[in-house]
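Excluded from the calculations below are hydrogen atoms, water molecules and symmetry mates; all remaining heavy atoms, backbone and side chain alike, are included.
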Amino acid sequence: MTLKHSALALLVALLWGLNFVVIDEGLDGVPPLLFVALRFILVAVPAIFFVKPPQIGWRNVVAIGFFMSFGQFALLYLALHLGMPAGLASLVLQTQVILTVMVAAGLLGERPSGRQLIGVIVGTLGLGVVIVGHSIVAPWVPLVITVGAALSWAIGNVLSRRAKAASGLSLVVWSALVVPLPSAALAVLLDGPDVVWLALTHLSGFAILSTLYTAVAASLIGYGIWNSLMARYPTSAVVPFTLLVPVIGIAAAWLVQGEVPTVTEILGGAVMLTGLATAVISTGNRRRLLEVPRSGAGAEPQRLDPVGDKVDDSLR
């Protein structure tokens with residue numbers, strides 16, 4: 001990657017790492033599912049009036065929006081509302097890397113490499129240490145809900161890869177339309193219409209700023225840059241930057257909220273990040289390219305990088 005694009009990837013990691021503390025602080029006095037609805041209204045509007053719909057069919061848009069946006073963030077916001085520490089949430093959510101490999105194997109038939117399998121095993125062991133360490137000092141339900149958010153994100157990743165949208169920003173904007181109605185409806189059902197109305201009419205200044213940050217900085221700018229990098233470079237060159245997200249998230253939670261992880265959580269997190277790194281970081285010039293036949297007799301083979309995405313020779 002060029003220096004400019006590496007800097008952009010670092011910017012995305014910073015935006016996403018800070019996102020957890022911003023969400024957690026903004027949830028004060030706002031039902032979590034209502035907060036999700038407000039975020040994705042701003043992601044979709046007014047952008048849908050300027051961004052063309054992705055040409056992947058509405059079923060794919062709805063499915064990706066349901067898992068990658070609604071499922072992931074409804075569960076994440078709920079976990080934070082129930083007491084999940086923001087810094088730890090930034091770490092646990094990165095299990096989506098491991099889960100994406102597993103879901104891709106099940107839904108797309110992509111066979112993980114030996115290195116990926118080792119990474120999955122090590123990462124899972126690290127997650128187990130984190131869960132055990134956290135459950136000793138705090139309720140484990142929010143942590144399990146956060147893992148559910150990571151699983152929803154992983155399913156959305158695989159559905160997005162299968163759909164192959166030409167524009168990542170278009171997919172982010174239009175799939176956001178899936179989120180507000182079910183999120184708002186669940187907020188009314190679970191919290192009651194009076195609580196929802198009171199929250200809407202008494203939004204704090206920080207809740208408004210938090211919503212703007214998550215919608216504009218984390219979603220539109222963050223995912224817009226990220227998807228453009230993913231379209232330009234092999235996944236193995238871009239995805240490792242997400243390993244910085246929990247580092248930034250934990251540091252931000254420590255500085256802003258005084259959140260200090262336990263020794264067990266630090267140990268488990270280090271093991272988990274080692275597993276993630278093993279699963280996604282390329283071996284550089286020795287990257288192994290796999291050949292798989294295209295559909296049709298006598299067609300040219302496709303070449304895949306170790307994490308299963310097509311390699312564009314023009315980018316090498």
Side-chain angles (χ1 to χ4, degrees), residues 10 12-14 16-24 27 71-73 75-105 112-157 236 239-282 307:
L10 288 172
V12 174
L14 177 64
W16 287 353
L18 296 176
N19 195 38
F20 293 87
V21 170
V22 173
I23 292 171
D24 198 31
L27 278 170
Q72 177 190 171
F73 290 104
L75 292 172
L76 174 62
Y77 279 48
L78 179 60
L80 291 171
H81 174 71
L82 293 176
M84 182 68 179
L88 187 60
S90 69
L91 172 67
V92 174
L93 196 64
Q94 291 310 310
T95 57
Q96 60 88 12
V97 175
I98 297 170
L99 295 170
T100 297
V101 173
M102 298 169 66
V103 173
S113 65
R115 178 169 54 83
Q116 285 179 311
L117 286 175
I118 293 173
V120 167
I121 294 171
V122 173
T124 303
L125 290 174
L127 176 62
V129 173
V130 170
I131 292 175
V132 171
H134 181 73
S135 63
I136 294 174
V137 297
W140 56 269
V141 172
L143 191 146
V144 173
I145 293 175
T146 307
V147 175
L151 176 60
S152 187
W153 186 2
I155 295 172
N157 284 340
S236 55
V239 169
F241 283 92
T242 63
L243 298 177
L244 295 174
V245 172
V247 176
I248 295 169
I250 291 171
W254 174 55
L255 292 173
V256 176
Q257 299 179 317
E259 177 191 324
V260 180
T262 66
V263 174
T264 306
E265 289 172 349
I266 293 173
L267 176 61
V271 173
M272 197 185 95
L273 288 178
T274 300
L276 299 184
T278 303
V280 301
I281 293 179
S282 169
V307 290

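L91 is listed as a side-chain neighbour of M272, based on a closest heavy-atom distance under 4.5 Å. Between L151 and V103, some side-chain heavy-atom pair lies under the 4.5 Å cut-off. Proximity of W153 to L93: side-chain heavy atoms (C-beta onward) are separated by under 4.5 Å at one or more points. I23 has its side chain within reach of L80: a pair of non-hydrogen atoms, C-beta onward, lies under 4.5 Å apart.
Separation of atoms CH2 (W16) and OG (S90) is listed at 13.5 Å; rounding is to 0.5 Å. Going from atom CG of L88 over to atom CD1 of I266 covers 11.0 Å, rounded to the nearest 0.5 Å. Here the CE-CG distance, from M84 to D24, works out to 10.5 Å after rounding to the nearest 0.5 Å. Atoms CG and OG1, on N157 and T100 in that order, are 4.0 Å from each other to the nearest 0.5 Å. Rounded to the nearest 0.5 angstrom, L244 CG and Q94 CD are separated by 10.0 Å.
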Criterion side-chain contact (heavy atoms from CB on, under 4.5 Å) on L14 and L10, from CA distance to verdict: CA-CA 6 Å; L14 177 64; L10 288 172; over 6 Å; no
Stepwise side-chain contact (heavy atoms from CB on, under 4.5 Å) test for I145 and L82: CA-CA 10 Å; I145 293 175; L82 293 176; 3.7 Å; yes
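Screening V271, L127, I98 for a side chain to side chain contact (heavy atoms under 4.5 Å, CB included) involving V122 leaves a single residue, V271.
Nearest heavy-atom pair, V21 versus G249, reported as atom, atom and distance to 0.1 Å: CG2-O, 4.4 Å. What you find for H81 and L27 is that their closest heavy atoms are N-CD1, 4.0 Å.
Between the side chain of E259 and the backbone N or O of A86 there is at least one donor-acceptor pair closer than 3.5 Å. At least one donor-acceptor pair under 3.5 Å links the side chain of T146 to the backbone N or O of P142.
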